[in-house]
Q: 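My questions all concern the structure below.
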Amino acid sequence: MKIIEAGDYDDLSRKSAGIVLAQVKAKPSSLLVLPTGNTPLGLFRELVKAAKSGAANFGQVAFVTLDEYADIASDDRRRLSSWLSRELLTPLGIAADAFHAFDPRGNPGAEAERIEGVIAARGGIDLAVLGLGPNGHLGFNEPGSPFDSRTRLVSLTPESIRSNAAYWGGEVDVPSTAYTLGLGTINECRSVVLVVSGARKAGILARTLNDAVSINVPATLFRVHPSSIVIADRDALAFAG
Ligand code: GLP
């Protein structure tokens, strides 16, 4: 595991974008996973800037969604794939058939299998950029998720429902189940990058870096993955030691 310290949020955004751009340059047909949430918005802006200036070409890149709320309508405003499309994929000009998203109305077992099938058919995920949940979750792999878990439907913990309420106006608006790539699926990605920003994440980042590797803090998976980078700003690294 490599740790990269960024001075502030803008620096974090530039540095994490640099990793994604290097991947796309090295392999133009990369299969990428990018997270939702607020943390990656600056990274997304950097990627769009690079594509618009001609410094990067995403023409052959494909994307798989990391996680998605279940049991909501396909055009529900809470859909995480809509967030990703709005913030990144549409501005990047990514074709619809290059974006593999969970269908929130699909049959859970079949849907999880379909996404695993897409990943296998494309020869695996080259790079996954992940955010850090306040309880250490990766995607929606909540504490207790086995390190060899596959893509599946999960129930969200009250803590995750609380932390996601801010996006949707209230806890009652947050769906209680979601799809997520499994920790085993994430562990098989050729490279994984964890982007962490702000004092609010300092406690859980310190646990990720210093606690025993265990399913109690899913993000400790980064400590055993053979090609992992944690990139965090100074505020998030405040308690890292
Ligand atoms: C949600 C998402 C995660 C994301 C996390 C952190 O729980 N399902 O994929 O990483 O939020 O979000 P933020 O970056 O806004 O703190």
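Since this is a predicted model, take the numbers as computed values, not measurements.
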Q: Look at the rings of Trp168 and Trp83 and say which category their plane angle falls in: under 30° parallel, 30 to 60° tilted, over 60° perpendicular.
A: perpendicular

Q: Please tell me if the side chains of Val192 and Leu138 come closer than 4.5 Å, counting only heavy atoms from C-beta onward.
A: no

Q: Would Phe99 end up clustered with Val64 when hydrophobic side chains under 4.5 Å apart are linked, directly or stepwise?
A: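 Cluster IDs for Phe99 and Val64 differ.
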
Q: For atom NZ of Lys27, decide whether the heavy atoms of other residues, nucleotides or ligands shown that lie under 6.0 angstrom number more than 12.
A: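 Buried by this count: over 12 neighbours within 6.0 Å.
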
Q: Return yes if some donor-acceptor pair links the side-chain N/O of Thr208 with the main-chain N/O of Ile204 below 3.5 Å, else return no.
A: yes

Q: Flag the pair Asp8 / Arg234 as yes when at least one side-chain heavy-atom distance between them is below 4.5 Å, and no otherwise.
A: no

Q: Quick one, Ser13 with Glu46, criterion side-chain hydrogen bond (donor to acceptor under 3.5 Å, both in side chains). Give me CA distance, side-chain angles, the key distance, then yes/no.
A: CA-CA 7 Å; Ser13 302; Glu46 293 294 326; over 6 Å; no

Q: Between the side chain of His100 and the main-chain N/O of Ala62, is any donor-acceptor distance below 3.5 Å?
A: no

Q: If we ignore hydrogens and angles and just use 3.5 Å, is the side chain of Asn141 paired with the main-chain N or O of Leu181 as donor and acceptor?
A: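 At least one qualifying donor-acceptor pair exists.
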
Q: Roughly how far, to the nearest 0.5 Å, is OG of Ser82 from CD of Glu87?
A: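 It is 11.0 Å, given to the nearest 0.5 Å.
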
Q: Working note: Ser176 + Leu156, criterion side-chain contact (heavy atoms from CB on, under 4.5 Å); need CA distance, chi angles, decisive distance, verdict.
A: CA-CA 5 Å; Ser176 57; Leu156 301 186; 5.8 Å; no

Q: So among Arg78, Arg79, Arg105, Arg152, which one has a salt bridge (charged side-chain N to carboxylate O under 4.0 Å, His left out) with Glu68?
A: Arg79

Q: If you measure from the Lys or Arg side-chain nitrogens to the Asp or Glu carboxylate oxygens, is any gap between Asp10 and Arg14 under 4.0 Å?
A: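 Not counted as a salt bridge, because no side-chain N and carboxylate O are separated by less than 4.0 Å.
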
Q: Give a yes-or-no answer on whether the side chains of Thr157 and Ser160 include a donor-acceptor pair shorter than 3.5 Å.
A: yes

Q: Contact between Leu130 and Ile186 at the side-chain level, heavy atoms closer than 4.5 Å - yes or no?
A: yes

Q: Going by the salt bridge (Lys or Arg N to Asp or Glu O under 4.0 Å) test, which pairs reach into residues 156-174, not counting sequence neighbours?
A: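 Qualifying pairs: none.
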
Q: Do Thr151 and Glu116 get their side chains close enough for a donor-acceptor pair, meaning under 3.5 Å?
A: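 On atom types as modelled, these side chains qualify, holding a pair under 3.5 Å.
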
Q: Would you indicate whether the side-chain heavy atoms of Leu80 and Thr65 approach each other to under 4.5 Å?
A: no

Q: Sub-3.5 Å donor-acceptor pair from the side chain of Glu111 to the main-chain atoms of Asp103, do we have one?
A: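 It does hold such a pair.
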
Q: Let me know which of Leu132, Leu41, Leu12 forms a side chain to side chain contact (heavy atoms under 4.5 Å, CB included) with Ser197.
A: Leu12

Q: Could you tell me whether the side chain of Tyr167 and the main chain of Val174 form a donor-acceptor pair under 3.5 Å?
A: no

Q: Contact between Pro91 and Phe44 at the side-chain level, heavy atoms closer than 4.5 Å - yes or no?
A: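 No. Closest side-chain heavy atoms not under 4.5 Å.
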
Q: Output yes when a side-chain donor or acceptor of Thr220 lies under 3.5 Å from a complementary backbone atom of Ser214, and no otherwise.
A: yes

Q: Compute the ring centroids of Tyr69 and Phe140, then answer whether they are less than 6.0 Å apart.
A: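 Centroid separation for Tyr69 and Phe140: below 6.0 Å.
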
Q: Are the side chains of Leu66 and Thr36 in contact, using a 4.5 Å heavy-atom criterion?
A: no

Q: Report yes or no: does Arg223 contribute a side-chain atom to a donor-acceptor pair with the main-chain N or O of Asp211 at less than 3.5 Å?
A: yes

Q: Rounded at 0.5 Å granularity, tell me how far CG in Leu221 sits from OG in Ser149.
A: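 One gets 9.0 Å once the value is rounded to the nearest 0.5 Å.
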
Q: With respect to Val193, which candidate in Ile4, Ile229, Val230 satisfies the side chain to side chain contact (heavy atoms under 4.5 Å, CB included) definition?
A: Ile229

